[in-house]
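As structure tokens, the structure follows; a few thoughts come after it.
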Amino acid sequence: PRDILDGRCYLPEHELLKLNVNPAQIIEEPEKIIPLLNSLHNVALHCLDAGLDYVLAINYGRIRYGAII
């Protein structure tokens, strides 16, 4: 909330516009952005899965180990 009150919002503006929500409303009605948060969560999970697939595809063991750490 502090960032929003200071004029900073880290959610994509175009996605907030699709929901007809402005940053000030996030503080007052956070339930309005649940669909956006769910969508961003799914994107993050997909990216993490893709990263894990990439690391597991590396054949040389020392490089794989270094990529996991």
Side-chain angles (χ1 to χ4, degrees):
R2 173 88 186 213
D3 284 339
I4 290 175
L5 293 173
D6 288 341
R8 293 183 301 273
C9 179
Y10 305 105
L11 297 170
E13 184 178 9
H14 67 279
E15 295 293 341
L16 291 175
L17 290 173
K18 287 181 191 176
L19 296 173
N20 200 27
V21 175
N22 65 52
Q25 287 176 293
I26 295 171
I27 295 171
E28 299 166 9
E29 303 171 275
E31 67 279 357
K32 286 189 168 189
I33 63 165
I34 290 174
L36 173 57
L37 297 178
N38 288 336
S39 173
L40 294 172
H41 181 258
N42 288 335
V43 169
L45 289 177
H46 174 74
C47 291
L48 288 170
D49 286 342
L52 180 59
D53 290 344
Y54 175 79
V55 168
L56 294 175
I58 298 172
N59 290 325
Y60 189 64
R62 287 177 60 188
I63 294 173
R64 181 187 304 167
Y65 181 74
I68 293 174
I69 292 181

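All of these numbers come straight from a predicted model, not from anything done at the bench. All residue numbers in this chain count up from 1 along the given sequence.
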To the nearest 0.5 angstrom, please state how far the [atom1] atom of [X] sits from the [atom2] atom of [Y].
X: H41; Y: I34; atom1: NE2; atom2: CD1; result: 13.5 Å
X: N38; Y: I33; atom1: CG; atom2: CD1; result: 10.0 Å
X: L5; Y: I27; atom1: CG; atom2: CD1; result: 4.0 Å
X: L48; Y: D53; atom1: CG; atom2: CG; result: 11.0 Å

Would a 4.5 Å heavy-atom cut-off, applied to side chains only, mark I26 and L16 as touching? yes
More than 12 heavy atoms of other groups within 6.0 Å of [X] [atom1]:
X: E29; atom1: CD; result: yes
X: R8; atom1: CZ; result: yes
X: Y10; atom1: OH; result: yes

Side-chain donor/acceptor of N22 to backbone N/O of A24, under 3.5 Å: yes
On a heavy-atom basis, the closest approach of P12 and L40 is CD-CD1, 4.3 Å
Shortest non-hydrogen contact between Q25 and N20, atoms and distance: OE1-O, 3.6 Å
